[in-house]
Every structure is written in C-alpha cells, then in structure tokens.
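Quick notes on the structure that follows.
In what follows, chains are A, B, ... by sequence order, proteins preceding strands, each numbered from 1. Note that the structure is a prediction, hence the values are computed from the model and not measured.
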Amino acid sequence: MNIDSIQNGIVLDHIQAGKSMDIYQYLHLDELDCSVAIIKNVRSNHMGKKDIIKIDTPMEVDFDVLGYIDSNITVNIIRDGRLVEKKHVELPKKLVNIIRCKNPRCITASEPQLDAIFLLSDEEKHTYRCAYCDTAKDKKF
Amino acid sequence: MARNLIDIVDLSVEEINELIATAEDIIQHPAKYQDACAHKQLATLFFEPSTRTRLSFESAMLSLGGSVLGFSSASSSSTAKGETVGDTVHTVSCYADIIAMRHPKEGAPFAAAQVAEVPIINAGDGGHNHPTQTLTDLLTIHREKGRLDHFTIGFCGDLKFGRTVHSLVSALSRYENIKFVLISPTELKLPRYVKEEALKKRGIPYTQTTDLESVIPQLDILYMTRVQRERFFNEEDYLRLKDSYILTPEKLESAKPDLSILHPLPRVNEISVAVDKDPRAAYWRQVKNGKYIRMALILKLLGIEV
C-alpha cells in the first residue's frame, strides 16, 4: 500500500498498533483542513506491527499528549520533502487538560472550569494521579 | 506564592518536628506567645460543619493575639449563589492574612491555593486529607509516648473514607520502625493508593484484619475512627457498617497497660463512654493538643518567630 510522501508537515512514527485513532482524537486532527493519513498495522521489524500518522501541514504537536498515549512515538518534521528533525517523546511529568478526573467527589467534578491537572506518580506503571484528589488514572485507555 | 499546608507531605519531617517543638514550648510558656499575631487576621472558611477544627483554629488565633472572621456553613457564603471556591477564596484573601478552609469536595483547598495570595490551610477536604488533624495526632503521640518512632499502631474503623487515617499513615510512614495494623470491615479498607504510596513503596510492614480483639494486645497506639454517614452514597451501606467496632472496657482488658487510645472525634458509639475514665484514653488530651499545634502552624505559615 502506498501513501504519498509529504512536502511540509509531520510524520508520527512507531505508534503502538491500534493507538493511532486515540492520537487522532486527542490531537484534534479532525479539525485540520489538510490531508491526514492514518496507516494502521504497518509491518515493523522492531515492533512487529505499528501505526503511522502523516499530517500534510506544519503544526505544533502537543508532546505531552503523545507521551501520555505512547512514549515510544517518534515525531519526524518534514520540510521541502526532507526529514529535517526527528524528536522522541517522553512520559510527561504533568498533564494539564488532557484527561479528566472521574472521582465524583473531586472538586473538578463540580467546578469543571478548573484545569484538570494530573501528576506522574509511578513511572514504571505509568500511573497518574489527580493533583486535587489523588485519584489514580492508569495510562492505558 | 504563599506557603500552604494542603497535604501533610507538604511538610518535611524536620518541619513537623519543629512544629511539635514549638507547640511544646507554647504549652510550657503560653504568655510568651499571647501577642505574637497581634493585628493579624485568620479567616475560617467552613463549607462543611465542624466543631473542633473550626473552634480550635479560632481559639489558636485568639490565643496568639490575632483576630478571626469567616463562616461556618456553605449556605451562609456566596457559594449558595453559585460562586466558585477559587473566587470565594480570592475574595477572602483580600481581607485576611491566612485562611483555614474545610470543604466537602476533595481537592478544594488545592484549587484555592492556586489563586490565594495568603497561606491556605486545608482543614479537611471531603474524605481526602486533614493535615492539621494529623499534626494534632502526631503531637499527641509525641506527648503520650515521648517519641514518634518504634511502635505498633492500629487503625480501626472506616479506613476508606477516614481522611485522618490517610494523612496519619502517610506522615508516620516517614518515621522509623513503625508497624501498621489496619482493622476495618472489608468494604472500608484503606485505599490501595495510600497503601502503595505510603507503605509498599517504602517497604513498611502492615497487616490487615477485620478482627480488633485478636490484634489489640500487640498495639502501642489504637487510633479509632467513626464510620461517617456523610461519606456514603447509600444509607443501607452506612447502617450495615456503622457498628462494626465498639471499643469497651472489656475489650481493653487484653491491651497493653501503656496503650494510648486516640480518636479524631466526634465519636458516635465506637468508643463506649465507660472507656473515657481509662487513663489510656488520650482523645480528650488530643483535642487540647489540636489548639497548640495549630498555634504553631499559624506562626510558621505567617513567618512569625517568637
């Protein structure tokens, strides 16, 4: 299967197979006017299967969102058809307005205008806790 | 940003030890502190009812020569008109030098601290944290035992919603050689996150049981708690669990002669009134300690040295 290469934009590579739609949703890629290609289950020597997203426009990417969903993703910046930069994402220490606390007793449940802040509490288990009420949110979707 | 006390872990062990030392000095030399907070104002914002915590904060500030303002229920504040916690606290921080707040929602003091320009003290946020009760408990243990390490403490009752338990477990986990015995109905066990963060990560030993009488002989401290009606969404669950543990003189017969019985109060019936006469009952002394440690805390957060 062939997908045209892009001239100016971003390629998100090494996405764990099956997570590309989560990224599409969390990065609000549906709001873009340009071409966006989601390529699922691409064969990979390293990962077995992987997903790739190609975005045919230069844009700011929220690295915290990417790191939260899958910290193995690489972000390739393409200019004039050439790879000019390759960035690796990390598990973010803090998430702001990416996920919401599900504890009905949390102040953010009754005052939704507050920033939803989560802090990384366990790097190995990828566990985040609500900064307000300490309720845990596992990284997995 | 002002210094706050939202969670007991905001204070280092050294700072807690300093607060205890200040409280001890206040107990010994109250006159020395009687004008320490002259012309300072404490606002007590209680969005949820309280007797001890609010009055002890007010008494503490008055004993330091300061003054107090505030409200004691959400219905007598602009919250009733739909004002957010942040806006209420922002407003009050224009009038007061320091704020103590209690709120039924977990994390409300953290939200308040994001906008306040004066120190915020969490005086209880739902079933989450109650750090000044923890300071009270630590001062009481220190006064009863002469130390904050090397003992076995049993927590009994509602360990799930009991915020005083969560904070005290976190605080004590930083001291040496403390064994924890967690006594509760299965439905009211200590939350997993408290066990993981405070105990498992630090390799601290603990046992869980539903049977108070079988473990009471090994305890140096017994921390009783009330099953709180206001924390249940379901009245049936509350009625089924509320009388799970009732401490009586008979049950104390097998306890150590130097056991210290603590309770954050108010009690309903989990400690029989007959136990009050037992010298091991430390909970009324604990109430008194609450005022002194809050005096020490107010001084610290206002940066006042005596």
Can you say whether [X] sits under 4.5 Å from chain B via the side chain, the backbone, both, or neither, judging by heavy atoms?
{"X": "T108(A)", "result": "neither"}
{"X": "A131(A)", "result": "both"}
{"X": "N103(A)", "result": "side chain"}

Quiz item: Which one of A108(B), P109(B), G86(B) has the most heavy-atom pairs closer than 4.5 Å to chain A?
Solution: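 Heavy-atom pair counts peak at A108(B).
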Quiz item: Quick one: does L135(B)'s side chain get under 4.5 Å of L19(B)'s, heavy atoms only?
Solution: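 When only atoms from C-beta onward are counted, L19(B) and L135(B) do touch, with a gap below 4.5 Å.
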Quiz item: Got D62(A) and L27(A) here, is their nearest side-chain heavy-atom distance under 4.5 Å?
Solution: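 Yes - at least one pair of side-chain heavy atoms lies under 4.5 Å apart.
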Quiz item: Given a strict heavy-atom distance threshold of 4.5 Å, which part of V194(B) is in contact with chain A: side chain, backbone, both, or neither?
Solution: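 For V194(B), no heavy atom lies under 4.5 Å from chain A.
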Exercise. Please list, chain by chain and in numerical order, all residues satisfying side chain to side chain donor-acceptor pair (under 3.5 Å) with Q208(B), sequence neighbours excluded.
Key: K195(B)
Self-check item: Non-neighbouring partners of E111(A) that pass salt bridge (charged side-chain N to carboxylate O under 4.0 Å, His left out), sequence neighbours left out
Solution: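 Applying salt bridge (charged side-chain N to carboxylate O under 4.0 Å, His left out) to E111(A) gives none.
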Quiz prompt | Carboxylate-amine/guanidinium proximity below 4.0 Å for D13(A) and K50(A) | solution =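 Yes, D13(A) and K50(A) are salt-bridged.
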